[in-house]
Each structure stands twice: as structure tokens, then as C-alpha cells.
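Working notes, beginning with the structure itself.
Within every chain, numbering begins at 1; the chains are lettered A, B, ... in the order of the sequence lines, protein sequences first and strands thereafter.
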2 protein chains.
Amino acid sequence: MSEDIVTPFRSHPHNHQRCVADAMALAEERCGRRGVRLTPIRRRVLELIWGRHEPVKAYDLLDQLREDHRGAAPPTVYRALDFLLEQGLIHRIESLNAYIGCGDPSHPHLGQFLICDRCNAVAEMDDSDIRDLLARKAATQGFHVNWQTIEINGVCPSCRAVPESVSAGDDSD
Amino acid sequence: MSEDIVTPFRSHPHNHQRCVADAMALAEERCGRRGVRLTPIRRRVLELIWGRHEPVKAYDLLDQLREDHRGAAPPTVYRALDFLLEQGLIHRIESLNAYIGCGDPSHPHLGQFLICDRCNAVAEMDDSDIRDLLARKAATQGFHVNWQTIEINGVCPSCRAVPESVSAGDDSD
DNA sequence: CCAGTCATGTTATTCTGTTGCAAATCAGTG
DNA sequence: CACTGATTTGCAACAGAATAACATGACTGG
């Protein structure tokens, strides 16, 4: 099976509490096995990221973090983010300067993202056909691939079902 | 032919002056046809970008621009960049916060970039196999694609030919 | 207890990009 | 030419993203 939707659009009906809890449990387990520490701050940041099922900005995290953690500063958040990225627990979306929970930390993989321009929902794919095709094309140029950034912008299924002018992404926050 | 290297690695031997001049001529022509103005500032920024055959940062452009244009400020550069992006004359490399000349503005295309982590060289591809595969995979999720960001990091042919520890990218900054 | 490592606190700075408004420039029209 | 409206530029301030540098604290293992 080459196609593998690791994280579907959040509009996809699901038990969100359960999904966050699962992610946290996986993170605990993974860090334990690796002998690295999922400290309170790191855990909190991961929770905050999973809490929204969409890309989250570092300074938004900082604001939220400050609510129960006075004295949190940019380095507080960025250090936690670096840790979580290293452990493969989150991904960074380059085109948005934002971070999102990794749908399947069980094996290391490159993020392949579908990003809805209307409602900001993001789905993560882990498709070997894509990975392999890019590797093959790069090899044609004599290029050795270390990392692939794939971010596809467009309109997600839910938003397509809604007339443009009244789209779900018409957020007034 | 699905594969199309729009811009090869700059290590590729070529007449750089000629290649910049061609790019500028194409830009003039294109803007003329479209009825938009390639003003002196915009032209200068495009030249500066083409002058180096690698990704250029906005504030580096600003520094260079200031040399013969006192009073240039961040908006000066960003407005020019926005214009050039809109006209499809340059691309933005998301993972680097940098800009690079578009190898073939003659038809609108998505950038597909090979980025060397050692020497910062970038090659641009315009491969329909990749474009189509991504569109097909996205469609499987009911997703309508507007834009694709594809940035492949790794090691370019020239750097692969050099022992790792003495690589061209072994910058000591 | 002590030393070493890892994690956090703190302050400041750099880099990247935007907002808002005023002044200048340009294209078209009477 | 003078008037008008749309672009373009100048300018000042700011917001947002990320890092540097160094001090302090916390958890190991002897």
C-alpha cells in the first residue's frame, strides 16, 4: 500500500480527546524507549499543538504556554519545538512557519502535507510513490536526497462543498 | 518529455552574463505584454537576484540595493519581490526564506527545487510526472490543488564528488 | 557531597516581513 | 496644460520568527 493518510483533515469526524490522548501516550512511550525526557514543558507544548488539529504558530504556543507558566519566553517554546521535531513527534510546515503534530511517530517519515487555504486544515500523507518518484527524479540529476519538503496548497473536501464566498475559512477571529 | 530542468546547478558551466541578460530581456518583454511596469527598482532587484545563481535573502538584497539607492527600506525590497513573484519572474524557497530567479518565465509553473545542503546551489525542475502524481494523490483525498511546494534537500553532484569533510559547503562562518 | 550533564530562566539581539500614511509619479481626459 | 485617479515609492514604526549568550537550577552517577 503506497498511500497512507497519516492524519486526515480534522473535519473528518473523530474522537479528538482520544486522538490527543493517544498521541501523548505514543510520545511518552517513544521518549521512554529512547531514554530522552518528555519534561512538563515539552509535554505541554506537544499537548497544545495536538489540541488544535491544525498548524500552530510558535508565538501562539508561547501565549498559551504563558497562561500557566509565567516567565515562558521565546527560547522556552523553541527549545521544546526543537526537541519535539528531533523526536519526530511534530512537523514544521515551512510555508506557514507553523508546527503540527505528527500523525504517526511510530516510524520516521517525511511530511507530505495537504493544506487547505480556506479553513487552514492540514492532512498529512506518507506516500511512498511520491517519495520514490522524487528520489528517482533527483537521482537523474545526480542529486542525493536527504530530505523532502512537500506542501500542497488548495481546497479541502469540506470547503469544496461550500460556496466560495461563505467558505469555512471565512474566519473572523 | 516529462522531465525538464529549467535551471541546472550553477556549477554547470554557462555564460552567466548572457544568462542574466536573457532573463532580463524575457522579463521586459513579459511585463510589456502584460501591461505592468518593470520599474527601475524592480528591474534592479531582479538583476541582483539573477546576479547570484543561488537563493538570495531579502535583507541581502536590501543591503545591495542601498548601495545605489539611498533610502531603500524593507518595504522597498518586499514590494519588488511581491511584484516579481506575481509576474512569475522569481520563486520563493520556503525552507530558506530566500528568493531565486525563475528559470523559465515563459509559462507559469510551480517550482520544484533541488537544494544542496553543502554549497547552497539550487536546481529548478519542472517535471510534469511529479506535478501530476501529486495532483492525483491529492485528488484521492478529495483535495483540489492550487499550488505545490516541492523542495528537495540533499547533496548536489559537484559536492558528492568531494570528500565530505572538505566539502564546498564546509563554511566556517 | 561533588562533578557533570541536561534543562530552564533571562535578557538581548538578529532576521524576516508587514502596516499605515504621506508624497511623488504616471496615464488618461477634458 | 490642468485635473483626476491609480500606481509606485518614501518613511517610520511595528509585529512576528528565531537565535545568542550566559546564568541558574535539576537530575544523575560516583
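For A/E124, the salt bridge (charged side-chain N to carboxylate O under 4.0 Å, His left out) test picks out no residue, with sequence neighbours left out. Judged as a side-chain hydrogen bond (donor to acceptor under 3.5 Å, both in side chains), and not counting sequence neighbours, A/H69 has no contacts. Every residue two or more places apart in sequence or in another chain was checked for a side-chain hydrogen bond (donor to acceptor under 3.5 Å, both in side chains) with B/E86, and none qualifies. Here B/F113 pairs with B/H91 under the ring-ring contact (aromatic ring centres under 6.0 Å, His included) rule; sequence neighbours left out. Under the side-chain hydrogen bond (donor to acceptor under 3.5 Å, both in side chains) criterion, B/S95 pairs with B/E151, not counting sequence neighbours. For B/R70, the side-chain hydrogen bond (donor to acceptor under 3.5 Å, both in side chains) test picks out no residue, with sequence neighbours left out. Checked against ring-ring contact (aromatic ring centres under 6.0 Å, His included), B/Y99 has no partners two or more places apart in sequence or in another chain.
With A/R44 as the fixed residue, the side-chain contact (heavy atoms from CB on, under 4.5 Å) test singles out one of A/I41, A/L48, A/L46: A/L48.
The minimum heavy-atom distance between B/C102 and B/G88, with the atom names listed, is CB-O, 3.5 Å. Contact detail for B/V145 and B/A138: the closest heavy-atom pair is CG2-CB, 3.5 Å. The minimum heavy-atom distance between A/R42 and A/L38, with the atom names listed, is CB-CD1, 4.0 Å. Annotation for A/D129 and B/K137: closest pair OD2-NZ, 2.8 Å, computed over non-hydrogen atoms.
For the pair B/L62 CG and D/dG10 P, the interatomic distance rounds to 12 Å; values are reported in whole Å.
Taking five base pairs at each end of the helix from C/dC1-D/dG30 to C/dG30-D/dC1 and finding the rotation axis that steps the C1' atoms of four pairs onto the next four gives two axes whose angle is 20°, to the nearest 10°.
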| remark: Once base and sugar-phosphate atoms are separated, protein heavy atoms under 4.0 Å mark nucleotides 12-30 of chain D, 5' to 3', with B, S and - as B----BBBB------SS--
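In terms of position on DNA chain C, the residue among B/A98 and A/V36 whose nearest nucleotide sits closer to the 5' end is A/V36.
DNA chain D is contacted by B/H69, B/G71 of residues 65-72 of chain B, taking any non-hydrogen atom closer than 4.0 Å.
Read 5' to 3', the first and last nucleotides of DNA chain C with an atom closer than 4.0 Å to a heavy atom of chain A are C/dC6 to C/dT11.
Counting only residues at least two apart or in different chains, side-chain hydrogen bond (donor to acceptor under 3.5 Å, both in side chains) contacts with residues 57-67 of chain A are absent.
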